[in-house]
Structures are given as structure tokens and as C-alpha cells.
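This report concerns only the one structure given below.
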Amino acid sequence: MADLPAVEEDYGPAALERGRLLFAGPCEFFAGAMTMPQLPPARGPEIAFAGRSNVGKSSLVNALCGRKALARTSNTPGRTQQLNFFDLGNGTLSLVDLPGYGYSSVGKAKAAAWTETTRAYLKGRPELKRVCLLVDSRHGLKAGDEDIMTLLDKSAVVYQVVLTKADKTSAAELAATKTAMAQTLKRHVAAHPVIRVTSSESGFGIPEMRAELAALA
């Protein structure tokens with residue numbers, strides 16, 4: 001395992017416990033949507049997870065909720081083919097696992113439909129409180145990430161970069177990636193200034209992310 005940096009201590013014990021309790025509670029899949037008419041009525045504030053295919057969105061949702069198979073994961077990119085909605089804490093918060101982008105093996109018509117629905121959701125969902133933009137910590141921003149960031153800037157939807165797979169890189173490389181990312185985010189008006197670093201495999205950064213998301217409920 002990589003030599004990970006210390007977790008930023010920006011949440012006290014009470015906030016960490018509130019996050020733990022929320023994500024330890026009931027969490028159930030309640031809807032999947034491939035088109036706008038299929039989007040379910042909101043059950044409460046929503047947090048969406050966006051990112052390139054195989055960046056670890058479903059794995060992060062599972063890690064946050066302490067489950068192994070709540071959100072479907074796969075070694076094959078592009079398997080999440082709809083917007084998946086999960087009810088956390090009986091309406092306290094909804095987690096939305098978005099289809100990944102940047103993978104081209106799926107049919108063009110189907111990929112276009114996912115893209116259209118995802119973009120429409122990101123632009124026009126009043127209950128959407130934050131988008132977690134997941135970025136592989138080994139690679140940094142790639143094609144498609146900046147497009148989503150620009151879309152969210154124009155839509156005035158707050159988004160937060162979450163670096164994933166931190167256990168697969170070194171502390172020095174992580175620090176360099178965070179520094180470069182912070183400089184990029186200064187050019188984006190809707191970007192949250194705090195960059196989260198996580199590992200779904202080791203659990204690194206998961207308690208702090210639970211606390212941050214629980215504060216939005």
C-alpha cells in the first residue's frame with residue numbers, strides 16, 4: 001500500500017460521528033433512469049457522483065455506505081448505464097451514481113442518450129446540492145472532466161473534486177496532483193475549494209467525506 005498522507009483534520013468528533021451514523025443507516029436503491037421522463041421525484045437533498053468510467057464511483061458509494069454491493073461495480077468500464085438513485089437515511093439524503101464518461105465501446109446512440117440525460121440532470125435538478133467529481137489520483141484531470149466542470153460552472157452547481165484510488169500512488173505524487181488540481185480549480189467559479197483524497201479499498205478519507213456530505217443533508 002502507498003505511503004498515504006495524513007488526513008486533513010477539518011471535522012471534529014461530533015461531525016465525524018454524525019456522518020458515520022447517517023451512512024451506517026438504511027440505504028436502498030430506489031430508481032434508475034436512462035431518460036429524463038424516468039427521473040424519479042426527489043426524496044430529499046441529492047449528492048451526485050460523476051467521473052470517467054472506471055474512476056471508482058460505485059466503489060466509493062459502497063465504501064461510504066459500508067456495503068460491498070449496494071452500487072454495482074465492475075472491472076469493465078461503462079457498466080453503469082443509467083442514473084442510479086439511492087435513498088440514505090429514509091429520505092435524509094439521496095446518492096446518485098451517474099454513468100461514467102470517456103468510454104467508447106458502448107453504442108453511440110445509447111452513449112448519446114446517457115450523456116443527454118446526465119447533462120440535463122446536472123443542469124436542472126433543484127434538489128442537487130453537490131456533485132462529487134471523481135478523478136483518479138494516479139492520472140489527474142483527463143478529457144471530459146473539464147467539460148463537466150465548465151457545464152457545472154455555467155449551471156451554478158457546486159462540485160467538489162474527489163481523488164480516488166489514493167492507495168495506488170505515493171504521498172509525494174498525491175501532493176503534486178492536489179497542488180496542480182487546486183490551481184486548476186481557481187479558474188472554475190462553481191468548484192468547491194477543498195479537494196478530498198480517498199481510497200475505497202483502504203478506507204482512507206472515507207470518514208471525513210461522510211461528515212462533509214452529512215452536513216449537506
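Counting from 1, the numbers follow the sequence of the chain as shown.
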Identify all side-chain donor-acceptor contacts of residues 127-135 below 3.5 Å with residues at least two apart in sequence or on another chain.
unit_1: Arg130; atom_1: NH1; unit_2: Gln160; atom_2: OE1; d: 3.0
unit_1: Arg130; atom_1: NH1; unit_2: Glu212; atom_2: OE2; d: 2.9

Once rounded to the nearest 0.5 Å, what's the spacing between atom [atom1] of [X] and atom [atom2] of [Y]?
X	Y	atom1	atom2	result
Leu22	Arg210	CG	CZ	10.0 Å
Ile148	Leu141	CD1	CG	12.0 Å
Phe204	Leu174	CZ	CG	7.5 Å
Ile206	Thr198	CD1	OG1	5.0 Å
Lys57	Leu95	NZ	CG	14.0 Å
Leu60	Cys65	CG	SG	9.0 Å

message: Walk me through whether Met149 and Arg187 qualify under side-chain contact (heavy atoms from CB on, under 4.5 Å).
response: CA-CA 10 Å; Met149 293 163 73; Arg187 304 195 299 268; over 6 Å; no

Would you check if [X] and [Y] make a side-chain contact, meaning some heavy-atom pair closer than 4.5 Å?
X	Y	answer
Glu173	Arg138	no
Leu83	Pro99	yes
Leu122	Val157	no
His188	Leu152	no
Phe49	Leu64	yes
Asp136	Arg52	no

What closest approach, in Å, do [X] and [Y] show between heavy atoms, and which atom pair accounts for it?
X	Y	result
Gly19	Ala214	CA-CB, 3.8 Å
Pro207	Gly203	CD-O, 3.7 Å
Ala31	Pro40	CB-CG, 3.6 Å
Ser202	Asp167	OG-CB, 4.5 Å
Glu46	Ala42	OE2-CB, 3.6 Å
Asp145	Gly140	OD2-O, 4.3 Å

- request: Show your working on side-chain contact (heavy atoms from CB on, under 4.5 Å) between Arg43 and Phe85 and close with a plain yes or no.
  value: CA-CA 10 Å; Arg43 295 190 175 186; Phe85 290 76; over 6 Å; no

Are [X] and [Y] connected, step by step, through hydrophobic side chains (Ile, Leu, Val, Met, Phe, Trp, Tyr) whose heavy atoms are closer than 4.5 Å?
X	Y	result
Tyr121	Phe30	yes
Phe29	Val61	yes
Leu216	Val162	yes

Judged by atom type as modelled, is there a donor-acceptor pair below 3.5 Å linking the side chain of [X] to the main-chain atoms of [Y]?
X	Y	value
Ser200	Ala63	no
Ser94	Leu88	no
Ser137	Lys165	yes

- request: Show your working on side-chain contact (heavy atoms from CB on, under 4.5 Å) between Thr117 and Met34 and close with a plain yes or no.
  value: CA-CA 7 Å; Thr117 302; Met34 293 187 67; 5.8 Å; no

- request: Apply the test side-chain contact (heavy atoms from CB on, under 4.5 Å) to residues Glu116 and Met36: give CA-CA distance (whole Å), side-chain angles for both, the deciding distance (0.1 Å), then the verdict.
  value: CA-CA 9 Å; Glu116 180 181 356; Met36 287 299 289; over 6 Å; no

